[in-house]
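What follows is a set of notes on a single structure, which appears directly below.
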2 protein chains.
Amino acid sequence: MGTVSKALELLDYFTRSRPLIGLSDLARLADLNKATCFRLLTELAENGFVEQIGTGREYRLGPTVLRLAALREAQVPTREAAMPVLQALAQQTGETAHLSMLMADSLRTLAFAYSAAHVTKVTMEDAETLPFHATSSGLAVLAFQSDAFRSTILSQPFPQLTTNTETNPMALRARLTEVRGLGYAESRGGFQTEVHSMAVPLFDALGRCSGALAVAAPASRMNEPQRRLIRYALMQAGTEITAIWGGSLPSDIATLWRLAA
Amino acid sequence: MGTVSKALELLDYFTRSRPLIGLSDLARLADLNKATCFRLLTELAENGFVEQIGTGREYRLGPTVLRLAALREAQVPTREAAMPVLQALAQQTGETAHLSMLMADSLRTLAFAYSAAHVTKVTMEDAETLPFHATSSGLAVLAFQSDAFRSTILSQPFPQLTTNTETNPMALRARLTEVRGLGYAESRGGFQTEVHSMAVPLFDALGRCSGALAVAAPASRMNEPQRRLIRYALMQAGTEITAIWGGSLPSDIATLWRLAA
DNA sequence: AACCGTCGGTTCAAATAATAAACCGAAAGC
DNA sequence: GCTTTCGGTTTATTATTTGAACCGACGGTT
């Protein structure tokens, strides 16, 4: 791994629940020598990707990321354009909705919306990576990738995150085939016990599946009528976001989703 | 300059008017060997900071910047929180309003808002760097920096951008003193002929001046009543944004702005 | 259809930049 | 006042980056 990647990966340690990180902490987290970490942070800071709060204090993400994001959104409206749909989805289903995107071979949460319908809800405090094998979003996205990409992912070992996590590559392949046939994916406690979720794939302007839209709920509220409601709402919202992105649904998906309506 | 900075600086070549850049073009722009540029781009792409459109085509900013920006905004609401004020300012003055922030020793445009009042207006197509010596925003920000920072900037030679650009360091120092006394800065065609602008400094939670708020108009519309209106609106909006940012105005500025009202 | 320039991408020896351990002084905890 | 940890610095050693030349593919010209 090159130096540049090491520096960029430092940025990944900043999350909603850990927005401020000190030099020594970060060096430990990233398993880097403190001097190395310092030099990388200094370079990031010189370019405004991180900044220090007071004097000799912790680091946090800097203003440059805002500027870059504004440019990206100006060219490819993704997040802002999808937010209203995401919020409507949360409200409509009464559960937590979230949008994830494929970024450099890993699936990351890009945005989420809560519903006020219940006091208990699935919270999304971290901008953490969503494992392909254990989340409905991961399955939805993986199902619609190229064979090559899918095989690369499936050739790596999968951690057993809960007692319900499917880790067998053969069984996962079968589930992916099933997902392609249904047009949506489901996870029942595979990522976190007590959390069930459903997800649909999203497609960009080139017809590639570049993300997923999901609704996650406490297992206790996931009965059959609720599943039907969420499935329907997801397909509607998925169609909408794909359209906003200027993407087009593969014709078989379009058909599946129309039939489900 | 380290490898990391070289990679990060590649991102700076993406602007609103040049959102897609090919490998060879970028290598030329950044004055890098094509192989080096390719390796850096590959690392940036592996981390989602850039992406390629089709196959073997140009590069553009990637989705990772959105995720980082969302995190930054969650911790330090800057852009989103200021947008409504910025839009109101544009509408109120009938001219183009823009917000800039100090990022790693350079002042960059973070957001802008147009007014529909006139067909001719100052457009902000590029997210370019604002020169300290030739823009009202630059003067407003520089006036409120530490002596050390100010001296560093003033020790570098200034390009003569228009016939009205002030490039003499001594004269600039005098103007900065004047800006501190008035609580706002003005530029009459120093950056672009035919563009006059006025700006006020913005302050963050630690009392540091971290950006500026400006209104730019065609020179032909900048008469004395209009100047008064813009000055007043800027001070109002500046107070508001500083408050939203959790910052506090230096007492002398607060006094100046109150008296002007 | 042969030519030309340029594209994105690759190779490999040579050169340069990154690394890690030890070391600061300062501040915080005990 | 002792100990630990902090952010930051120094240094020789080491591994990575670099750049010229090269590749096949593509798009115009002639």
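Per chain, numbering begins at 1; letters A, B, ... match sequence-line order.
Nearest to the side chain of E43(A), among dT9(D), dC6(D), dA18(C), sits dA18(C).
Between the T64(A) side chain and the G48(A) main chain, a donor and an acceptor come within less than 3.5 Å of each other. Judged by distance alone, with hydrogens and angles left aside, the side-chain atoms of W257(A) form a donor-acceptor pair with the main-chain N or O of G183(A) at under 3.5 Å.
Between the CG atom of D25(A) and the C1' atom of dG7(D) there is a distance of 12 Å, rounded to whole Å. Rounded to an integer number of Å, the gap from L10(B) CG to dT17(D) P is 14 Å. Going from atom CG of L44(A) over to atom P of dG8(D) covers 14 Å, rounded to whole Å. Atom CZ of F38(A) is separated from atom C1' of dA21(C) by 17 Å (rounded to the nearest Å). Put simply, CZ on R57(A) is 18 Å from P on dT5(D), counting in whole angstrom units. For L20(B) and dC7(C), the CG to P distance is 15 Å, given to the nearest whole Å. In this structure, L26(A) places its CG atom 13 Å from C1' of dG7(D), rounding to the nearest Å. To the nearest angstrom, C1' of dT5(D) lies 13 Å from CD of E58(A).
To the nearest 0.5 Å, the span separating CG on D12(A) from CD on E9(A) amounts to 6.5 Å. A distance of 9.5 Å separates CZ in F112(B) from CG in L86(B), rounded to the nearest 0.5 Å.
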Inset, instruction - Would you give a per-nucleotide map of nucleotides 18-25 of chain D, 5' to 3', where B means the base has a protein non-hydrogen atom under 4.0 Å away, S means only the sugar-phosphate does, and - means neither? - result: BBB-----
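Partner of L142(B) under the side-chain contact (heavy atoms from CB on, under 4.5 Å) criterion, out of L102(B), T135(B), I153(B), L107(B): I153(B) alone.
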Kindly list each side-chain donor-acceptor pair under 3.5 angstrom involving residues 25-38 of chain A, sequence neighbours excluded, with atom names and distances?
| residue | atom | partner | partner atom | Å |
| --- | --- | --- | --- | --- |
| D25(A) | OD1 | R28(A) | NH2 | 2.8 |
| N33(A) | OD1 | A35(A) | N | 2.8 |

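A sub-4.0 Å separation between OP1 or OP2 of dG8(D) and a side-chain N or O of Y59(A) is present. Within the 4.0 Å cut-off from OP1 or OP2 of dC6(D), not a single side-chain nitrogen or oxygen of Q52(A) is found. At dT5(D), none of the side-chain N or O atoms of R28(A) fall inside 4.0 Å of OP1 or OP2 (strictly under the cut-off).
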Legend entry - Worked verdict on R57(B) versus E51(B) for salt bridge (Lys or Arg N to Asp or Glu O under 4.0 Å): CA-CA 10 Å; R57(B) 306 215 82 271; E51(B) 64 182 9; over 6 Å; no
